[in-house]
Amino acid sequence: DSSAKPDGTQCFYSVRAVNNAGLVSADSNTVSVIIDKSAPTPPSLSALSVTGFINALPSVLNWSLSQDPGVLASGLNNYNVYKGLSSSLLNLLTTTLSDVRTYADSALSEGTRAFYQVSATDRATNEGTRSNQESVVLDQTKPTTSLTKTPAAPNGNNGWYKTSFGVTLTCADSGTGETSGCQAGSTRYSLNGGSSQVYAGTFLIAQDDLHTIQYSSSDNAGNVEDLK
């Protein structure tokens, strides 16, 4: 039956047989079908990370419940998860049942941004508009902090400074591909075994003594540098 019918129409069908003598059989059993042309609403995909970076697998996707509108709608059948390495080209990654609204993806490469979207399909195979797009980068490389002194070389004998000198700490986050960058205000240091404090800029060492400085930084993916 290819005749046009509005969305939500329920059609009933039965069959009769006619022989060559024109005798007609009784009606067969009756079957019905509902016309469902309305696609499900798009789900809302939650952010994969506050910063857009993670330091451990998997990348966990969560999305909201879609609705299947329309008169006599067929109901949700499944969700489609799309993934791509470009925001303009995402391919079907997997499908989940209609009561499953989460997916864990462990196939991420260091420093490569992955983009995701989700759509819903109903039992009439209508696929709805895709969700908002979210992305994330796997960054498992710890940042590195370097220490420089001003003046750089001691101005006294045997490696000693005769005057006060400045100490500058610089955080760098280098790795494969896209990196998360050093977290603002994450560099900390301690002097001569004292309490840890936030590095706020170049500080002076002016007291006569042998001084020990320990320091480390964090990046925006949550990687913490080993204490130096």
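The side-chain hydrogen bond (donor to acceptor under 3.5 Å, both in side chains) analysis of residues 53-68, with sequence neighbours excluded, yields the pairs N62-T102.
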Give the table of side-chain donor-acceptor pairs shorter than 3.5 Å for residues 165-177, with sequence neighbours excluded, one pair per line with atom names and distance.
from	atom 1	to	atom 2	distance (Å)
T168	OG1	T202	OG1	2.7
D173	OD2	S180	N	3.4
D173	OD2	S180	OG	3.4
D173	OD2	G181	N	2.8

Below 3.5 Å, can you tabulate the donor-acceptor pairs from side chains in residues 111-120 to any protein atom, sequence neighbours excluded?
from	atom 1	to	atom 2	distance (Å)
R113	NE	E178	OE1	3.2
R113	NE	E178	OE2	3.4
R113	NH1	S135	OG	2.9
R113	NH2	E178	OE2	2.7
Y116	OH	D105	OD2	2.6
Q117	NE2	S131	O	2.9
S119	OG	N80	ND2	3.1
S119	OG	E127	OE2	2.5

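Contact check for T187 versus V198: no side-chain heavy atoms found under the 4.5 Å cut-off. The shortest distance between side-chain heavy atoms of S109 and L138 does not fall below 4.5 Å. Two residues are said to be in side-chain contact when any heavy atoms from C-beta on lie closer than 4.5 Å; P151 and Y161 meet this criterion. A 4.5 Å side-chain heavy-atom check between L147 and I213 finds at least one atom pair inside the cut-off. The side-chain heavy atoms of N77 and L97, taken from C-beta on, include no pair separated by under 4.5 Å. Inter-residue side-chain proximity for D99 and L76 is flagged as unmet; no heavy-atom pair is nearer than 4.5 Å.
A search for side chain to side chain donor-acceptor pair (under 3.5 Å) contacts involving D226 returns K142, not counting sequence neighbours. Residues that satisfy the side chain to side chain donor-acceptor pair (under 3.5 Å) test with S196, not counting sequence neighbours, are R188. By the side-chain contact (heavy atoms from CB on, under 4.5 Å) test, T163 is found to be paired with N155, residues two or more places apart in sequence or in another chain being considered. Take N126 and apply the side chain to side chain donor-acceptor pair (under 3.5 Å) test, not counting sequence neighbours, and it matches D122. Residues passing the side chain to side chain donor-acceptor pair (under 3.5 Å) test with E225 are T145, K228, sequence neighbours excluded.
Its side chain within the 4.5 Å cluster rule, V137 clusters with F53 among the Ile, Leu, Val, Met, Phe, Trp and Tyr residues. Members clustered with V24: V18, by chain and number, using a 4.5 Å side-chain heavy-atom cutoff among hydrophobic residues. Membership of an apolar cluster is not assigned to L89, as no side-chain contact below 4.5 Å to another ILVMFWY residue is traced. Through direct or relayed side-chain contacts under 4.5 Å between Ile, Leu, Val, Met, Phe, Trp and Tyr, V224 connects to no other residue.
Ring geometry for Y189 versus F203: interplanar angle under 30°, hence parallel rather than tilted (30 to 60°).
Here the straight-line distance linking atom CZ of R16 with atom CG of L23 works out to 13.5 Å at 0.5 Å rounding. Taking CD from Q214 and CG from L227, the interatomic distance works out to 4.5 Å, rounded to the nearest 0.5 Å. Here E134 contributes atom CD and S49 contributes atom OG; the two are 10.0 Å apart, rounded to the nearest 0.5 Å. Here CG of D219 is found 11.0 Å from CD of Q140. Values are rounded to the nearest 0.5 Å. Here the straight-line distance linking atom OG1 of T41 with atom CG of L65 works out to 7.5 Å at 0.5 Å rounding. Summarising the geometry, atom CG belonging to D27 is positioned 7.5 Å from atom OG belonging to S25; distances are rounded to the nearest 0.5 Å.
With hydrogens and angles ignored, the 3.5 Å screen pairs no side-chain donor or acceptor of S218 with any backbone N or O of G222. Remark: side-chain polar atoms of N192 are paired, donor with acceptor, to backbone N or O of T212 under 3.5 angstrom.
A single hydrophobic cluster is not seen to contain both L90 and L45; linkage of ILVMFWY side chains at heavy-atom distances under 4.5 Å, directly or through other members, places them apart. Cluster membership for V136 and L57, using ILVMFWY side-chain heavy atoms within less than 4.5 angstrom, is shared.
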For Q133 and S87, run side chain to side chain contact (heavy atoms under 4.5 Å, CB included): C-alpha distance rounded to whole Å, both residues' side-chain angles, the deciding distance at 0.1 Å, then the answer. CA-CA 8 Å; Q133 191 175 100; S87 60; 3.1 Å; yes
side-chain hydrogen bond (donor to acceptor under 3.5 Å, both in side chains), that's the test. Do S190 and Q197 meet it? Break it down for me. CA-CA 6 Å; S190 63; Q197 52 190 307; over 6 Å; no
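Across A39 and P69, no two heavy atoms sit closer than the pair O-CD, 3.5 Å. The two residues P143 and S217 make their nearest non-hydrogen contact at CG-O, 3.6 Å.
For R130 and Y82, the positive end sits near the middle of the six-membered ring, less than 6.0 Å away and at most 45° from its axis.
Counted within 6.0 Å of CG on D209, heavy atoms from surrounding residues, nucleotides or ligands total more than 12; the atom is thus considered enclosed.
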